[in-house]
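In what follows, a structure is listed as structure tokens, so that the remarks can point back to it.
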Amino acid sequence: MQKTRRKFLLGGAALGVAAAFPLLRPKALGQGGHTNYFQSLSKALDSAGFSGPTMVVDLNRLRANATVLSGHLNGHFDYRVVAKSLPALGLLEAVAKQTGTQRYMVFHLPFLQQLAQSQPQADILLGKPLPIAAAKSFYSRPTTSGFDPRTQLQWLIDSPRRLQQYAALAGSLEQRLQINIELDVGLHRGGVSDARDLTEMLNIIKAEPLLTLSGFMGYDAHAAKMPGILGGPEKAINRGLEIYTQRLEQAKQLLGDQYPKRLTLNGAGSPTYQLYKSRSDSAPCNELAAGSCLVKPTDFDIPTLSDHKAAAFIASPVLKKLPQTQIPGLEKLTGTMRWLNPNREQTFFISGGYWKALPESPEGLSINPIYGRSTNQEMLNASNQVVLQEDDWVFLRPTQSESVFLQFGDIAVYDKGEIVERWPVLSNS
């Protein structure tokens, strides 16, 4: 009797699972082919003769994002363009023109060399401390553009030890160096985190006539994603600005009459710059830095950037179209896997792949988690509702811009239905 009852219960449970499973199956995604916007992008690429993976930047959207940024700053803060996030001279020049700035933040020696040569009027602040060997290399190859590092370049320094190295370099060069001190305002990725280190660094600057204190920098990217249980972004920003203010007060007290009247007080970043809008009268900063928000990769799909638009896409042609998805060694399960997930009904292999990017158009494309990634021919899957043919373009959105933009050669600049320019990217070597 017990065995019969157990069989009955197990059989009932199995029937229940079987009946419920269709409700648990993923919904078939996709609504045909590209939207009008991506159809226009496709036609523009075809007309311009593109045939392989290409980074496309929408110039109109880029300018619109720059206008949004300027509107939030509203003259309360100066704007500094982050070069690593927009790594092409064309991009940087377009943004600088739209926002009316000549201030740049640079993170790499090759970028520093190229901007100093091509932008002789630039005001450059390093966005991270560089090894002393990089600074020596910069000065060993003077620019011919007229760029003057004594007044136009600020080296970011994060510790007394590194500052001593730069002091020795200044002496050997017999050249003045501008020093901007990195502050830890809560990100905990280095920078001055206690009063003792700051005192030591300020004393080094006071003792070395060839060193000039040019400002401070506090980066607060952590604030935008601070969970509510820990106080949320507002509390993180307020705490960071408190730390910033305390460090400035310490510097004023220690330097007294030697405290510079004009300093570069840099803060924020793309995720947090809008949080400064309500703090324009109380924030110690006088300039904010941002870059990624102007092209808006997927990592920046956050509430603080809801009024920015995606302006950069990877375009790649479809090389192969298959009516099913087969996994090597699991061919017998092809029908089963297709039934379990209707979004595996079709397979497309595109040119290139394995980028830091997510499928964007047509809607419904996805990366197969079992087949594996490929930098040569990436597999994308879709339901039968997605309409794509061989040689059609697929569009993906980068998750970030700073490294992804450098993988495709010249950037294709899209404007008003056409590819209007090709912008070479900055060299990273």
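Looking at Thr272, its side chain never comes within 3.5 Å of a backbone N or O of Ala268 through a donor-acceptor pair. The main-chain N or O of Leu275 is found under 3.5 Å from a side-chain atom of Arg279 such that the two form a donor-acceptor pair. Judged by distance alone, with hydrogens and angles left aside, the side-chain atoms of Lys225 form no donor-acceptor pair with the main-chain N or O of Pro233 at under 3.5 Å. A distance-only check finds no donor-acceptor pair linking the side chain of Ser383 to the backbone of Ala28 [under 3.5 Å]. Arg247 places a side-chain N or O within 3.5 Å of a backbone atom of Ser193 that can act as its donor or acceptor partner. Between the Asp410 side chain and the Arg422 main chain, no donor and acceptor come within less than 3.5 Å of each other. For the pair Gln152 (side chain) and Ala122 (backbone), a donor-acceptor distance under 3.5 Å is present. Judged purely by atom type and a 3.5 angstrom limit, Ser316 has no side-chain atom pairing as donor or acceptor with the backbone of Val394. Proximity of a side-chain donor or acceptor of Gln250 to a complementary backbone N or O of Ala195 within less than 3.5 Å is detected. Here the side chain of Asp58 pairs a donor or acceptor atom with the backbone of Asn60 at under 3.5 angstrom.
In terms of heavy atoms, Leu29 sits closest to Gly364 at CB-CA, 3.9 Å. When all heavy atoms are compared, the tightest approach of Ile367 to Ala357 is CD1-O, 4.4 Å. Closest approach of Ala116 and Ile124 over heavy atoms only: N-CD1, 4.2 Å. Between Leu263 and Asn286, the shortest heavy-atom distance links the atoms O-ND2, 2.8 Å. In terms of heavy atoms, Phe111 sits closest to Ala83 at CE2-O, 4.2 Å. In terms of heavy-atom proximity, Asn180 sits nearest to Met217 at OD1-N, 3.2 Å.
Considering Leu177, Asp123, Ile179 as possible partners of Gln154, the one that fulfils the side chain to side chain contact (heavy atoms under 4.5 Å, CB included) test is Asp123.
His72 has its ring centre no less than 6.0 Å from the ring centre of Tyr276.
Enclosure of atom CZ in Arg176 by more than 12 non-hydrogen atoms of other residues, nucleotides or ligands within 6.0 angstrom is indicated. No more than 12 heavy atoms of other residues, nucleotides or ligands lie within 6.0 Å of CG in Asp391, so this atom counts as exposed by the packing criterion. In this structure, Lys206 places its NZ atom where more than 12 heavy-atom neighbours from other residues, nucleotides or ligands lie under 6.0 Å away. Tyr37 OH: more than 12 foreign heavy atoms inside a 6.0 Å radius. Within a 6.0 Å sphere centred on CD of Gln31, other residues, nucleotides and ligands contribute 12 heavy atoms or fewer. More than 12 heavy atoms of other residues, nucleotides or ligands sit less than 6.0 Å from atom CZ of Phe349.
Ring pair Trp155/Tyr166 is tilted by interplanar angle, where 30° to 60° counts as tilted.
Between Glu200 and Arg161, no side-chain nitrogen of the basic residue sits less than 4.0 Å from a carboxylate oxygen of the acidic one, so the salt-bridge criterion is not met. Residues Lys321 and Asp392 are not paired through a salt bridge, judged by the lack of any N-O separation under 4.0 Å between the basic side chain and the carboxylate.
For Lys128 and Phe107, the positive end is not near the middle of the six-membered ring at less than 6.0 Å and at most 45° from its axis. At least one test fails for Arg397 against the ring of Phe300: distance under 6.0 Å to the centre or angle within 45° of the axis.
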Audit row: Trp355, Phe408, ring-ring contact (aromatic ring centres under 6.0 Å, His included) steps and yes/no: CA-CA 11 Å; Trp355 304 293; Phe408 302 89; 5.4 Å; yes

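Side-chain N/O atoms of Asn266 and Glu287 include a donor and acceptor closer than 3.5 Å.
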